[in-house]
There are 2 protein chains.
Amino acid sequence: MARERKFTTEEVFETTKQLLLDYGYEGFTFSLLANHLKVSRGAIYKYFENKEELISEYIIYQMKVFLSQLERINTYTTFDEQFEYLMDIILNDYELHRIRRIAIDIPASDNAKEKENKKQLDNLHLDMYTTLQQFIKLGREEKRLNPRIPDSLILGFIFQTVDIPNHYNVPREDWIKSMKEIIMNGISNSN
Amino acid sequence: MARERKFTTEEVFETTKQLLLDYGYEGFTFSLLANHLKVSRGAIYKYFENKEELISEYIIYQMKVFLSQLERINTYTTFDEQFEYLMDIILNDYELHRIRRIAIDIPASDNAKEKENKKQLDNLHLDMYTTLQQFIKLGREEKRLNPRIPDSLILGFIFQTVDIPNHYNVPREDWIKSMKEIIMNGISNSN
DNA sequence: ATTTAAAGTTACACCTGTGTCACTTTGGGT
DNA sequence: ACCCAAAGTGACACAGGTGTAACTTTAAAT
């Protein structure tokens, strides 16, 4: 190495995350990022071709972290335990799922690297889906899940629900508890 | 009137809706809108000062339509009937709620007209909330709702759930049915 | 037929983000 | 001490969106 770096890739990702949450996909620019990293715009181009590539690499990075946590779901044997664990890791870093949705805005490109990233991300999603599929299968075997509701809706529902904005800043523990209850039993009175 | 208009306000709103859904808030531009209306960009400035004003007026317009439907919820007397009706009108035009979320991106402005629009929209939201509050009250009185879940979460949950993307294009009727079931009873097996 | 005012067009100046490239700085290897 | 390659900077040309204002078109009113 010839010269000390002023910023690490991790710092880029961390700042990117915050800026994406604060300014949204289109509001996020290399100028903004450069300012926050206290570095010139040109420097970032040394590592990322453009905004799309940076964001998709960030998402891949985050997705890998999430997947490594998700895979440990199999250390639990019952559906209820797995469900608890799943909710915990999702809510642990629930902004990620908001950002994943922001990332949908990334326009398709014919750039080779972009295509490669897209492919990798699709594979990661597939991994995630496969793992979750097993979780659902277990739930169905244990007859804990409503057989009239298809797998895809169950998963969509879980990820959608954890995105409910906590406007009134209900304490984290209470919030998680409510989430679990509402996902399992809806809004109706179980009595 | 001195000359026939080439486009109506309704056409603007209809096109705006579609473009917002297709391109998102930042991807939506006056040039794009003008092209789709087959009109020059300048013409639109005759009616709307800028993109923010146009969108907030569109949202107000849509919100009023929704509210006029929502208020008819009181023609139903039981919670179950009201719930059915609510789900029907929400899912009837569920893109609206996605757009309402897009509209959150509109930056605050100190422009007078903008402030006025913001205020009006806040009032409409308040109206909506008040009506829905009564719906929830009825549900609690009938003991149909889980008393441990706060009002705000119930409402957030309903609006969040109807946004689940129907990726697999489940037929409308089936989809609505699943939505109702999952909102009331969650994913668990009620047996 | 002429007038008039609203509707629409066009061109201009401006701003902001993009991507690139020649340049400078830095610090480890020889 | 010197070299050199990686790290970082600054300036440039470019692209696209913005808002405005002078201009043209159109049709209703007189």
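The chains referred to below are lettered A, B, ... by the order of the sequence lines, with proteins before strands, and numbering in each begins at 1.
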Check every atom of dG27(C), dT9(C), dG8(D) against the side chain of Ser40(B) and return the nucleotide holding the closest atom.
dT9(C)
Residues passing the ring-ring contact (aromatic ring centres under 6.0 Å, His included) test with Tyr45(A), sequence neighbours excluded, are Phe30(A)
Distance criterion of 3.5 Å, no angle test: do you see the side chain of Arg3(B) paired donor-to-acceptor with the base of dA6(C)?
no
From CD of Glu26(B) over to P of dT16(C), roughly how many Å is that when rounded to an integer?
15 Å
Is Phe48(A) touching bases, backbone alone, or none of the nucleic acid, heavy atoms closer than 4.0 Å?
nothing
Nearest-Å distance for atom pair CG/C1', residues Leu37(A) and dT9(D):
15 Å
Between P of dG19(C) and CG of Leu54(A), the distance in whole Å:
11 Å
Specify the separation, in whole Å, of atom CG of Leu33(B) and atom C1' of dG8(C).
15 Å
So, Glu81(A) and Tyr85(A): side-chain donor and acceptor under 3.5 Å apart, yes or no?
no
Would you mind reading off the distance between Ile55(A) atom CD1 and dG17(C) atom P, rounded to a whole angstrom?
15 Å
Nearest-Å distance for atom pair NZ/C1', residues Lys6(B) and dT26(D)
12 Å
Filter on side chain to side chain donor-acceptor pair (under 3.5 Å), then keep only pairs touching residues 28-41 of chain B, sequence neighbours left out; what's left?
none
Find the distance Lys46(B):NZ to dG19(D):C1' and express it as a whole number of Å.
13 Å
Take Phe7(B) and Arg5(B) through the test side-chain contact (heavy atoms from CB on, under 4.5 Å) and record every step on the way to the result.
CA-CA 5 Å; Phe7(B) 61 102; Arg5(B) 281 190 57 172; 3.6 Å; yes
Just to verify, what does Phe66(B) make a ring-ring contact (aromatic ring centres under 6.0 Å, His included) with, not counting sequence neighbours?
His97(B)
Sequence neighbours left out, what passes ring-ring contact (aromatic ring centres under 6.0 Å, His included) with Phe28(A)? Give chain and number order.
none
Enumerate all atom pairs, one protein N or O and one N or O from nucleotides 12-18 of chain D, separated by less than 3.5 Å.
unit_1  : atom_1 : unit_2   : atom_2 : d
dT18(D) : OP2    : Phe30(B) : N      : 3.4

Report the distance from atom CD1 of Ile44(B) to atom P of dT20(D), rounded to the nearest whole Å.
15 Å
Would you please name every residue forming a side chain to side chain contact (heavy atoms under 4.5 Å, CB included) with Glu116(B), sequence neighbours left out?
none
